[in-house]
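Shown next, in C-alpha cells, is the structure this report addresses.
One is the number of the first residue; the rest follow in order along the sequence.
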Amino acid sequence: GGQFMKKILKRIGFIFLIFIIIASIGMGYFIGNETFKGLTNITPREKTVENISLYKDKYKKFAEDKKIKEIKIKSSKFDHEIPGVFVENKNTNNIAVMVHGLGGTKYSMSSQAQGLYDLGFSLLIFDQRNSGENLAKYSTFGVLESYDCLDYLKYAKNNIKKDGKILLYGESYGGASSIIAASRDDSLIDYMILDCPVSDSNEFSDKVFKKIEKNQGVPVALMKFTGNIFLKTKLGFSLKDIDTRKWLENTEIKCPVLIINSNSDKVTPYHMGEDIYKAINSDKKEIYTCKEIPHTKFAEKEPENFKNI
C-alpha cells in the first residue's frame with residue numbers, strides 16, 4: 001500500500017503545484033490589470049468635465065471679446081476625434097498650439113492663452129486624451145498624447161498664413177506631451193515653451209506604488225513588472241518611456257525651447273525643469289525660474305512678466 005500512497009501524494013503534490021502556478025498567474029494578471037487601470041486613469045475624464053465649473057467664469061471672461069470656433073480633428077493614428085478651440089487673432093499670422101495639464105481641458109488655460117494672444121498669436125487649444133470631450137481612453141503620460149499634439153501642429157501648419165510661426169506651449173503634464181511630440185517630429189515647431197513641465201513621470205507613479213506597497217503589501221517590483229506587461233501589450237510602451245528626458249537625450253530638437261519653472265512648485269518639483277533643460281541636445285534653450293509662484297500660475301499672477309520673457 002506504501003507505493004499506492006506515494007503515488008497519491010505525488011499526484012496531490014503535482015495538482016497543488018499546478019494550482020499555485022495558476023493562482024500566481026491569476027494574481028499577476030489581477031495586479032497587472034489594476035496597475036494598468038490606475039496608471040492610465042489618474043484623473044477620470046468625468047472628473048475633468050466636472051472641474052470645468054471651477055474655471056468656467058475665467059474662460060467666459062477670456063472668450064467674450066474674441067472670435068472662437070469649436071473644432072474637431074480626426075486623429076491620424078487612432079480612431080478618436082480631438083476636440084479643440086481655435087481662437088483667431090486678426091492681428092497676426094502666428095499660431096500657438098496649447099497643451100493643458102492633467103485634470104484640465106481646452107478651457108483651463110485662460111491666463112496663459114490671454115498672454116500668448118496679447119503677444120500676437122492665434123490659439124489652438126485641444127482636449128488631451130481622456131480629458132474634456134476627448135473620448136480616447138487612457139492617459140499615457142504624454143506618450144500617446146503626443147500624436148494628438150502632432151495632429152494639431154499639422155492643422156496649424158495647414159491653416160497658417162505665409163510668414164506665420166508656430167509655437168508649441170505645454171504646461172505640466174502637457175509639457176510631457178509636447179516634449180514627446182517634438183522628439184517624434186519637430187519639423188512643424190518654430191518655438192516651444194514648457195511651463196512647469198513634467199520630466200520623469202515615474203516620480204509620480206513610484207510614489208503611488210510605494211503607498212500601495214505600504215498599505216496593501218504588494219511589492220513595487222511586482223506592480224511594475226505586471227503593469228509593464230499590460231502597458232506593452234495594450235498600448236505599446238512601458239514605464240521607461242514615460243521619462244521625457246530619455247526622449248530628449250535620443251533626439252536633437254532644432255527649435256528654441258524656453259522652460260518656465262518655479263522654486264515653490266508643489267506639483268512638478270523645481271528640479272524637473274532643470275532636468276529637462278539638461279537633457280535637451282541643443283544650445284537653443286533657456287530656463288526661467290519664477291520665485292514663489294504656484295504650479296503653472298505665472299501667467300495669472302504676473303501677466304506682464306510672463307509676456308516679457
Exercise for review: Could you verify whether a donor N or O on one side chain and an acceptor N or O on the other, from Asn134 and Asp148, lie under 3.5 Å apart?
Suggested key: yes
Point to revise | Beyond-backbone contact of Lys69 with Glu88, side-chain heavy atoms, under 4.5 angstrom | key: no
Check your understanding: Among side-chain atoms of Asp151 and Ser76, is any donor-acceptor pair under 3.5 angstrom?
Key -> yes
Exercise for review: Quick one: pull up OH in Tyr152 and CD1 in Ile82 and give me the separation to the nearest 0.5 Å.
Suggested key: 6.5 Å
Point to revise | Heavy-atom side-chain contact between Ser183 and Asn250 under 4.5 Å | key: no
Review point. Do you reckon Phe225 sits in the same ILVMFWY cluster as Ile242, going by side-chain contacts under 4.5 Å, direct or chained?
Key: no
Review point. When you look at NZ of Lys74, are more than 12 heavy atoms from neighbouring residues, nucleotides or ligands closer to it than 6.0 Å?
Key: yes
Revision key, fill the gap. When every non-hydrogen atom of Ile189 is compared with those of Cys255, the smallest separation belongs to O-CB, 3.5 Å
Check your understanding: Taking atom types as modelled, is there a side-chain donor on Thr105 or Tyr55 under 3.5 Å from an acceptor on the other?
Key -> yes
Distance-only criterion, 3.5 Å: show the donor-acceptor pairs between side-chain atoms of residues 272-280 and protein atoms not counting sequence neighbours.
from   : atom 1 : to     : atom 2 : distance (Å)
Glu274 : OE2    : Tyr270 : OH     : 3.3
Asp275 : OD2    : His271 : ND1    : 2.9

**Study point:** Which atom of Ser131 lies closest to which atom of Gly104, heavy atoms considered
**Key:** CB-O, 3.6 Å
Check your understanding: Under 4.5 Å between any side-chain heavy atoms of Gln216 and Lys211, yes or no?
Key -> no
Point to revise | Ser178 side, atom OG; Met98 side, atom CE - distance, nearest 0.5 Å | key: 10.0 Å
Study note, to complete from the structure: Smallest heavy-atom separation, Ala63 atom then Ile68 atom, equals CB-CD1, 3.6 Å
Exercise for review: Would you please test Val99 and Tyr169 for side chain to side chain contact (heavy atoms under 4.5 Å, CB included) and show each step?
Suggested key: CA-CA 6 Å; Val99 197; Tyr169 184 101; over 6 Å; no
Exercise for review: Flag the pair Ser75 / Glu81 as yes when at least one side-chain heavy-atom distance between them is below 4.5 Å, and no otherwise.
Suggested key: no
Exercise for review: Tell me whether the centres of the aromatic rings in Phe36 and Tyr138 are closer together than 6.0 Å.
Suggested key: yes
Review point. Please walk me through it: do Asp200 and Arg245 pass salt bridge (Lys or Arg N to Asp or Glu O under 4.0 Å)?
Key: CA-CA 7 Å; Asp200 184 2; Arg245 294 169 309 176; 3.6 Å; yes
Check your understanding: When clusters are formed by joining ILVMFWY residues with side-chain heavy atoms under 4.5 Å apart, either directly or through shared neighbours, do Phe4 and Ile12 land in the same one?
Key -> yes
Practice item. Please confirm whether Lys232 makes a cation-pi placement over Phe230, using NZ or CZ under 6.0 Å from the six-membered ring centre and within 45° of the ring normal. Key: no
Check your understanding: Is it true that the side chains of Lys66 and Gln114 contain a donor and an acceptor less than 3.5 Å apart?
Key -> yes
Check your understanding: About how many Å separate NZ of Lys154 and CD1 of Ile166, when rounded to the nearest 0.5 Å?
Key -> 12.0 Å
Check your understanding: Do Asp241 and Phe141 come close enough that some side-chain heavy atom pair is under 4.5 Å?
Key -> no
Practice item. Output yes when a side-chain donor or acceptor of Asn261 lies under 3.5 Å from a complementary backbone atom of Asp195, and no otherwise. Key: no
Point to revise | Salt-bridge present (Glu133, Arg45; N to O < 4.0 Å) | key: no
Exercise for review: Applying side chain to side chain contact (heavy atoms under 4.5 Å, CB included), run through Ile125 and Tyr107 and close with a yes or a no.
Suggested key: CA-CA 8 Å; Ile125 318 172; Tyr107 306 125; over 6 Å; no
Practice item. Give a yes or no answer on whether the side chain of Glu171 reaches the backbone of Gly101 with a donor-acceptor pair at less than 3.5 Å. Key: yes
Check your understanding: Cluster question for you: counting only ILVMFWY and a side-chain heavy-atom cut-off of under 4.5 Å, with indirect links fine, are Leu124 and Ile73 together?
Key -> yes
**Study point:** Partner of His100 under side-chain contact (heavy atoms from CB on, under 4.5 Å), chosen from Ser177, Ser108, Ser172
**Key:** Ser108
Review point. Can you name the nearest heavy-atom pair linking Val97 to Ala156, along with the distance?
Key: CG2-CB, 4.1 Å
Exercise for review: Check the angle between the aromatic planes of Phe19 and Phe16 and answer parallel, tilted or perpendicular using the 30° and 60° thresholds.
Suggested key: parallel
Point to revise | Separation between CG of Leu194 and OG1 of Thr244, rounded to the nearest 0.5 Å | key: 8.5 Å
Check your understanding: Quick one: does Ser122's side chain get under 4.5 Å of Ile95's, heavy atoms only?
Key -> yes
Practice item. Verify side chain to side chain contact (heavy atoms under 4.5 Å, CB included) between Cys149 and Leu168, making sure each step is shown before the conclusion. Key: CA-CA 9 Å; Cys149 201; Leu168 178 58; 3.7 Å; yes
Exercise for review: Give a yes or no on this: more than 12 heavy atoms of other residues, nucleotides or ligands lie within 6.0 Å of atom CD of Glu64.
Suggested key: yes
Practice item. Could you check Lys210 against Glu213 for salt bridge (Lys or Arg N to Asp or Glu O under 4.0 Å), going step by step and ending with a plain yes or no? Key: CA-CA 5 Å; Lys210 288 199 176 88; Glu213 182 174 60; over 6 Å; no
Point to revise | Minimum heavy-atom distance between Ala182 and Ile253, given as atom pair plus value | key: CB-CD1, 3.8 Å
Check your understanding: Just how far is it from atom OH of Tyr173 to atom OG1 of Thr43, taken to the nearest 0.5 Å?
Key -> 8.5 Å
**Study point:** Minimum side-chain heavy-atom gap Leu116-Leu167 below 4.5 Å
**Key:** yes
Check your understanding: Do Phe126 and Val49 share a hydrophobic cluster (ILVMFWY, side-chain heavy atoms under 4.5 Å, transitive)?
Key -> no
Exercise for review: Take Ile42 and Val208, measure what side chain to side chain contact (heavy atoms under 4.5 Å, CB included) needs, and give me the verdict at the end.
Suggested key: CA-CA 10 Å; Ile42 297 174; Val208 179; over 6 Å; no
Exercise for review: Look only at the side chain of Asn89 and the backbone of Tyr117, and say whether a donor-acceptor pair between them is shorter than 3.5 Å.
Suggested key: yes
Practice item. Answer yes or no: is there a donor N or O on one side and an acceptor on the other, between the side chain of Asp186 and the main chain of Lys254, under 3.5 Å? Key: yes
Check your understanding: Above 12 or not: heavy atoms from other molecules or residues under 6.0 Å from CG of Asn158?
Key -> yes
Check your understanding: Within a reach of under 6.0 Å around OH of Tyr191, are more than 12 heavy atoms found that belong to other residues, nucleotides or ligands?
Key -> no
Check your understanding: Could you state the interatomic distance from OG1 (Thr140) to CG (Asn130), rounded to the nearest 0.5 Å?
Key -> 9.5 Å
Point to revise | Test: Lys246 and Glu249 ion pair at under 4.0 Å | key: no
Exercise for review: Could you check if a side-chain atom of Ile25 sits within less than 4.5 angstrom of a side-chain atom of Phe30, using non-hydrogen atoms only?
Suggested key: no
Revision key, fill the gap. Between Ala113 and Leu123 the two heavy atoms that sit nearest each other are O-CD1, 3.4 Å
Review point. Is the side chain of Asn159 donor-acceptor paired with the backbone N or O of Tyr155 at a distance under 3.5 Å, no angle test?
Key: yes
**Study point:** Polar side-chain atom of Thr251 near backbone of Leu248 as donor-acceptor pair, under 3.5 Å
**Key:** no
Check your understanding: Should Phe204 and Val143 be regarded as members of a common hydrophobic cluster, given that ILVMFWY residues are connected when their side-chain heavy atoms come within less than 4.5 Å of each other, either directly or indirectly?
Key -> no
